[in-house]
Amino acid sequence: MILYHGSDVEVKDPIIKKSEKGRDFGCAFYLTPIKEQAERMAKRKQKMNKSSSAIVNVYYWNESEKYNLDYKLYNEPNLEWLEMIIKCRTNPSYKHSFDIVEGKIADDTVGETILFVIDGIMKKEDAIERLKFQKVNSQIAFCSEKSLKQLRFERSYVVK
């Protein structure tokens, strides 16, 4: 399977940044199978970091290797998925046990719904119903050093 990582730098050797807080599935190296999503993220990183380039890094992942690790798949937004995101976004010391977590990404519009839940404005069950009508992108979080070893850097390219 080909996976993409949007950045403002080439990333031949992925690492897990422990300083990144507020991520959907905690500290991890995040990838997506959606090329366009990675390109949007690269442009976003370029703008955020006031960088001169937007770069998409391309990796190969033998998907069958995931079963050698502690792997969690969220096929669609559900209560368990929502609770994982809330824990990871609100508790910087929270650490789940998974090596790889795959699921939908809580982007800006989805993130707003999650904030409503965190702030007590919306019930979790209502948030899940609301999310059924929103376009939700996909992400795969490589959360351990063991999982990073399953990735093979293929190439990178500049997004225009």
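- Judged by the 6.0 Å and 45° rule, Arg23 forms a cation-pi pair with Tyr30.
- In this structure, Tyr67 and Tyr71 have perpendicular ring planes: the angle between them is above 60°, well past the 30° mark.
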key: Stepwise side-chain contact (heavy atoms from CB on, under 4.5 Å) test for Lys72 and Asp99   = CA-CA 8 Å; Lys72 179 64 181 175; Asp99 294 302; over 6 Å; no
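- Gln46 and Ala54 make their closest contact through OE1-CB, 3.6 Å (heavy atoms, listed as atom of the first residue, atom of the second, distance).
- The residues Lys124 and Glu83 are annotated as salt-bridged, a charged nitrogen and a carboxylate oxygen being separated by less than 4.0 angstrom.
- Side-chain heavy atoms closer than 4.5 Å link hydrophobic residues (I, L, V, M, F, W, Y) into clusters, and following such links, even through other members, never connects Met41 to Val58.
- Phe29 has its side chain within reach of Leu151: a pair of non-hydrogen atoms, C-beta onward, lies under 4.5 Å apart.
- Looking at Asn137 and Ile34, their side chains come closer than 4.5 Å, going by heavy atoms from C-beta outward.
- The two residues Ser147 and Leu69 come nearest to each other via the heavy atoms CA-CD1, 3.6 Å.
- Across every non-hydrogen atom of Thr90 and Ile86, the tightest pair is OG1-O, 2.6 Å.
- Counting only heavy atoms from C-beta outward, the side chains of Tyr74 and Glu102 never approach each other to under 4.5 Å.
- Smallest separation of non-hydrogen atoms from Asn57 and Ser7: ND2-CB, 4.0 Å.
- Tracing side-chain contacts under 4.5 Å through hydrophobic residues (I, L, V, M, F, W, Y), one reaches Val11 starting from Trp61; they form part of the same cluster.
- Across all their heavy atoms, Met84 and Val101 have their closest contact at CE-CG2, 4.5 Å.
- More than 12 heavy atoms of other shown residues, nucleotides or ligands fall within 6.0 angstrom of atom NZ in Lys95.
- Following chains of ILVMFWY side-chain contacts shorter than 4.5 Å, one can reach Leu79 starting from Leu131, so the two form part of one hydrophobic cluster.
- When side chains are defined from C-beta on, Lys35 does not count as touching Gln37, because their heavy atoms never get closer than 4.5 Å.
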request  = Start with the C-alpha distance between Phe153 and Asp13, add both sets of side-chain angles, then the distance that settles side-chain contact (heavy atoms from CB on, under 4.5 Å), and finish with yes or no.
outcome  = CA-CA 8 Å; Phe153 178 80; Asp13 298 308; over 6 Å; no
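- Under a cutoff of 6.0 Å and an axis angle of 45°, Lys104 and Phe25 do not form a cation-pi pair.
- Using modelled atom types, no side-chain atom of Asp119 and backbone atom of Ile121 make a donor-acceptor pair closer than 3.5 Å.
- Arg44 has no carboxylate O lying under 4.0 Å from a charged side-chain N of Glu39, or vice versa, which leaves the two without a salt bridge.
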